[in-house]
Structures are given as C-alpha cells and as structure tokens.
Amino acid sequence: NLFAPAAIAFSIWGLIYLLLAAYILYQFGLFQKDKGLEKDELFNKIGIYFIISSLANISWIFSWHYNIIWLSVIFMLLLLFCLIKIADILKQEKFSFRDKVFIQTPFSVYFGWITVATIANITTFLVSIKWNGFGMSDSFWTVLILIIGSIIGISRMLKDKDMIYGLVFIWAYIGILIKHTSSSGFAGQYSNVIAAVIFCIFAFLISEALILKNKNKLLIED
C-alpha cells in the first residue's frame, strides 16, 4: 500500500485519545470555568454522534485486528460520518479559548486523522482484493489519491477555517513522505509519489497561511 505512512505517523492515536479523554472530563465539568445551559445543549447535540463514533472505533479495531478489511471500511466510514456531523455542529458555535482547547481541538485532530485513515483504509481494501487498477500502475493511483485527499482536506479546512484539521493532514503526508524516502520504507523507488506528496504538503501550508492571514485580518478589524 503506497499510501500508508511510516509507523511514527500512527503515534497520533495517543494524542487523539488523550484529547478525547480531556473532552470527556470537560463535559463532566472538570476544567470548566462556568457550566451553562448552552454548553449542556452543545454536549447533547454532540453526544449521540460521539457515542456512535466511539462504538464504530471499537468495532473497527476488532475488524482490522481479525483482518476483515471490508468490514473495517464500513466502520471507518460510519466513524467518519459521525465526525463530519460533529464538525458541522461545532463550526456554528463561538468558543472561548478554553472551549477551543477542550471541545474543538480534540475533534479537529480526530476528524483530520480519520479523514486520512478512511482513504488509507479504502486503499488497503483495494490492495487486499488485488484490484488491478484498470491496468494503471500503483504509483499512478497513489499520486491520484494523494491529490484527491489533499483537495478534500484543503476544502474542508478552508470551509471550517480549521488550521488544526489541516495540520493533521500535513502530519500524515509527512509520514507518507518518510515511508517513501527512508531505507526501511520504499527507499525512493517512486519519485512521482514523492513529488506529489511534497506538492500536497506545500498546498496545505499555503492554505494554512491563508486561514491565518484571514484570522489576523478579522482581529485587526475588530
């Protein structure tokens, strides 16, 4: 699977679970300065999707562990759907700095990684069924998937004005770059994939700069 990143990229799961644990504690009142009705309503809106996403995550782990790849794709898509719904809810809210740290950030990181993971999971499924790619090379399809993935990521990042979501994509793409350039990975065999990854990383960095510029502009106007 030429889309899979280096092993170090998966360490982000530790960060995701820590952030989700912080969100759960925050939901129960820990770290909160004031617990108002509006916040409770927000937690209730998110709650059902968060529960379903957690069950989907657990189910994905088991299906992946037992090598039932087609089933893992279904659970991953369900997980992605829940995180899209949560992101749609959160983008309508105005958060304090504390709320951004304990509510928005955990789901931005989670959503970003699951977006990438869904693409990787589908490519793994295609590899597992020995899909021939209509006769086109694996590297061609990887380049295409990298570009499509970056378009999806940048579009969502700009739509939500979510820099953290974009940073997760950069992390994932750097992981893919490491896998393709390191001797323990593909050792530079696929120059077109390496070029595409670098191009996509720069595209993400430019998008991050645009969001930051717009945020600074709004602050100056305020």
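What you see is a predicted model; the values in this text were computed from it and never measured.
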Contacts of Trp171 meeting ring pair (Phe, Tyr, Trp, His ring centres under 6.0 Å) (sequence neighbours excluded), chain-then-number -> none
Tyr17 meets the ring pair (Phe, Tyr, Trp, His ring centres under 6.0 Å) criterion, sequence neighbours left out, with Trp13
| Would you say Trp64 and Met76 make side-chain contact, with heavy atoms under 4.5 Å? | no
Check whether any side-chain heavy atom of Trp141 lies under 4.5 Å from a side-chain heavy atom of Trp131, and answer yes or no.
-> yes
Q: Mind telling me whether Phe169 and Tyr173 have parallel, tilted or perpendicular rings, with 30° and 60° as the class edges?
A: tilted
So do Tyr26 and Ile103 actually touch side chain to side chain, heavy atoms under 4.5 Å? yes
Check your understanding: Checking salt bridge (Lys or Arg N to Asp or Glu O under 4.0 Å) for the pair Arg156/Asp162: CA distance, chi angles, key distance, verdict?
Key -> CA-CA 8 Å; Arg156 186 74 205 200; Asp162 192 341; over 6 Å; no
Exactly one candidate in Leu2, Val197, Asn1 meets side-chain contact (heavy atoms from CB on, under 4.5 Å) with Thr142; the answer is Leu2
Residues passing the ring pair (Phe, Tyr, Trp, His ring centres under 6.0 Å) test with Phe111, sequence neighbours excluded, are Tyr165
Self-check item: Phe43 ring center near Phe50 ring center (under 6.0 Å)
Solution: no
*Side chains of Lys45 and Glu93: closer than 4.5 Å at any heavy-atom pair?*
yes
When you compare the side chains of Asp88 and Tyr49, does any donor N or O come within less than 3.5 Å of an acceptor on the partner? no
Worksheet item: Is it true that a side-chain atom of Asn44 and a backbone atom of Asp40 form a donor plus acceptor pair closer than 3.5 Å?
Response: yes
Check: Between the main-chain N or O of Ser53 and the side-chain N or O of Asn57, is there a donor-acceptor pair closer than 3.5 Å?
Finding: no
Q | Close side-chain approach of Met163 and Leu212, heavy atoms under 4.5 Å | A | yes
(request) Answer yes or no: is there a side-chain heavy-atom contact under 4.5 Å between Tyr66 and Leu71? (result) no
For residues Lys179 and Pro5, determine if any side-chain heavy atom of one lies less than 4.5 Å from a side-chain heavy atom of the other. no
Worksheet entry | Close side-chain approach of Lys91 and Lys159, heavy atoms under 4.5 Å | yes
